[in-house]
There are 2 protein chains.
Amino acid sequence: MSVKLTDVAKLAQVSPTTVSRVINNYGYISEKTRKKVFSAMKQLNYQPNSLARSLQGKKTRLIGAIVPSLTNPFFAELVSRIEELLNRKDYKLILCNAVQDSSHKEREYLNMLKANQVDGIISGTHNLDITEYQETGLPIVSFDRNLGPDVPVVSSDNYQGGWVATKSLINSGCKKIAFFGNIKGSNNPTDLRLKGYQDAINEYGLKEILVPMNFYESANLKKMAFQKLLSQQKIDGAFFTDDFSANLFWQYSRFNHFKDCENIKVIGYDGTSIMRQLNPDLSTIAQPIEEIANLLVDLLIKRINHEELSDSNYVLPITLIKGNSL
Amino acid sequence: MSVKLTDVAKLAQVSPTTVSRVINNYGYISEKTRKKVFSAMKQLNYQPNSLARSLQGKKTRLIGAIVPSLTNPFFAELVSRIEELLNRKDYKLILCNAVQDSSHKEREYLNMLKANQVDGIISGTHNLDITEYQETGLPIVSFDRNLGPDVPVVSSDNYQGGWVATKSLINSGCKKIAFFGNIKGSNNPTDLRLKGYQDAINEYGLKEILVPMNFYESANLKKMAFQKLLSQQKIDGAFFTDDFSANLFWQYSRFNHFKDCENIKVIGYDGTSIMRQLNPDLSTIAQPIEEIANLLVDLLIKRINHEELSDSNYVLPITLIKGNSL
DNA sequence: TTGAAAGCGCTAACAC
DNA sequence: GTGTTAGCGCTTTCAA
């Protein structure tokens, strides 16, 4: 077994309490004793057992993050930022890779996080009943998901994003604009991207063209959908709710010599730094990832500290990034 | 506070010991008692406190992963796979985003993981003295880093990768082949990519052209390096030690109208599924990410269980993926 | 087949 | 200023 507090106490010839006081910097200790204890700690390379501390009712300083796959660069970047911020505040991150549509796994994660006494949860996924989240009794904040009345939601301005994306296609002269994304309502903030699209389309008297598409589908499946769409009707603009699919279409339309496709305007969504660098031509609606991460962490820590939140819904502005695809 | 074992015991009208036995499925219990206990657990929605269990000397079933930024799609994918595998074996992942060249932060992570009593560590980074890893006293496995005599290393066949990449450029008719990557030895397995390049170059009587480049540099810095190189000498082949930089060059040479650059052959390294989909034209040396993850997890669990390892060095084969860039 | 009691490593009254 | 003691929620001898 490893070095424990009592070992340090013995070596420093003081009581365990004193060592504890030194570690926690709590109560009165003479400078002399403090020095003795510190030197003993150093000598033994002592590292307090956080399990034991937490068992006392102290916090674990563990945060669980439940997100869809890191394969999505957006979430990879978001998690990366979140971990960084948490680390600065001396929290640790337990990573939970939720699986699309697996309420079973999500439930297991929730139980695990509870069992591990995490101080709070950041969730970017949602396959469970809202009640199950409430039952955890843990502070939770969510990204882009409605997890219940008590769970603050952070999101980018999805409505504005959908609207601006569509509007900028219209401004580029497009008349036949297709929407690629989730077209069945999920009762989550992301639904608003579609709403923004629809409102813009209607405002300009155009016709909706809805193509169901999901980030997690395979590239080939998506290409099949492109092929089918393009063989059935002509479009001159395409709005995708993620950059990855948008880029796929961009490539497909540019390099696959489908009749009259080279000039279809394209815009995506997310604006991760990696996609920006990989294909600077691709226009996109950029989410403010850094701020999202900041806000999520801030809100969660406030909830952990039982501070009152001013709001339960936080909508961060998006940015239009124009590339050659527009 | 939440429901505890004694609450369950009380409700089921048995002793805490009995409940513990039921939970751990240990010793003799009558079917009747077991049922009673289970029903009490369900009724109270009881979740054993893993902190308390671990304090008994049980394992925490927590694994720490220290990796360079998830912004690198390769590590995003690797971590994703690792988490998945660990989850299946009922382990949880504490994610540690190491920072390039920060031994300070890496040391903090190590201490934190020790304090949190993780059962083991998977490391894909290396800014510390080898002794510091040994001092943790924890089972460790590493990816592509030499962390000490007791730490098994998993890597893709870096030498073969460098050799095959260079060889395939030569086969495509290239005579002036530049290597873009880390050109100062780091004493890690990845150095072998350069070695493979050099050996191939020498075997064919060509001249080495070494361009220092690091994944984590900004895109603009990289482009400056391209510009500088191309204005100084003509090259007809380029081998990059990561796909991301390779893709940047591919774009740069194709679309920036630099004199005579459209035809420079390019090959990268990594072969993540996301890069494959984003730019299928880009040739690359694909690392077997799935197998790497598998092996890392397997080896770590073996170390945790004090099983003897057959080897301390595990080299997995790479695959050449040919795109139009070759 | 079950229970009582001690103890994992640490903290927090409460004494001195 | 410092030490004694009890106890966090659980497991595990040992005894019944």
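- Put simply, the side chain of A:Arg34 and the base of D:dG1 share no donor and acceptor less than 3.5 Å apart.
- Ionic pairing of B:Glu108 and B:Lys105 is not present here: no N-O contact between side-chain nitrogen and carboxylate oxygen is shorter than 4.0 angstrom.
- Residues passing the ring pair (Phe, Tyr, Trp, His ring centres under 6.0 Å) test with A:Phe215, sequence neighbours excluded: A:Phe244.
- Comparing C:dT1, C:dG9, C:dA12 by their nearest atom to the side chain of A:Ala52 picks out C:dG9.
- A:Thr33 comes within 4.0 angstrom of the backbone, heavy atoms only, and of no base.
- Comparing the end axes of the helix from C:dT1-D:dA16 to C:dC16-D:dG1, each fitted to five base pairs by superposing C1' atoms of four pairs onto the next four, gives an inter-axis angle of 40° (nearest 10 degrees).
- Straight-line distance from the NZ atom of B:Lys4 to the C1' atom of D:dC10: 11 Å, rounded to whole Å.
- Between C:dC8, D:dC8, D:dT4, one nucleotide has an atom nearer to the side chain of B:Gln56 than all others, and that is C:dC8.
- Side-chain proximity of B:Arg21 to C:dC10, D:dC10, C:dT2: nearest is C:dT2.
- Atom CD of B:Gln13 has 12 or fewer heavy atoms from other residues, nucleotides or ligands within 6.0 Å.
- In this structure, the CG atom of A:Asn24 is 17 Å from the P atom of C:dG9, given to the nearest Å.
- Among C:dC10, D:dT2, D:dT11, the nucleotide with an atom closest to any side-chain atom of A:Ile29 is D:dT2.
- Summarising the geometry, the separation between CG on A:Asn25 and C1' on C:dA12 is reported as 16 Å, rounded to the nearest angstrom.
- The CG atom of B:Leu51 sits 9 Å away from the C1' atom of D:dG9 (whole-angstrom rounding).
- Distance, A:Gln13 CD to D:dG3 C1': 15 Å, rounded to whole Å.
- Out of C:dA12, D:dC10, D:dT12, the shortest distance to the side chain of A:Lys58 is found at C:dA12.
- Interatomic distance, CD of A:Gln47 versus CE of A:Met41, reported as 8.5 Å (0.5 Å rounding).
- In the interface, the side chain of B:Thr17 is not paired with the base of D:dT11 through any donor and acceptor atom under 3.5 Å apart.
- Rounding to the nearest 0.5 Å gives a distance of 7.0 Å between CG of A:Asp144 and CZ of A:Phe74.
- Counting any heavy atom pair closer than 4.0 Å across all strands shown, B:Val14 reaches sugar-phosphate atoms only and no base atom.
- A search for salt bridge (Lys or Arg N to Asp or Glu O under 4.0 Å) contacts involving A:Glu291 returns nothing, not counting sequence neighbours.
- For a distance-only test at 3.5 Å, the side chain of A:Ser20 fails to qualify as a donor-acceptor partner of the base of C:dA12.
- In this structure, of C:dG3, D:dT11, C:dT1, it is C:dG3 that holds the atom nearest to the side chain of B:Thr18.
- For A:Pro16, taking side-chain heavy atoms from C-beta onward, the closest of the listed nucleotides C:dT11, C:dA4, D:dT11 is C:dT11.
- By the 4.5 Å heavy-atom criterion applied to side chains, A:Val67 and A:Leu95 are counted as neighbours.
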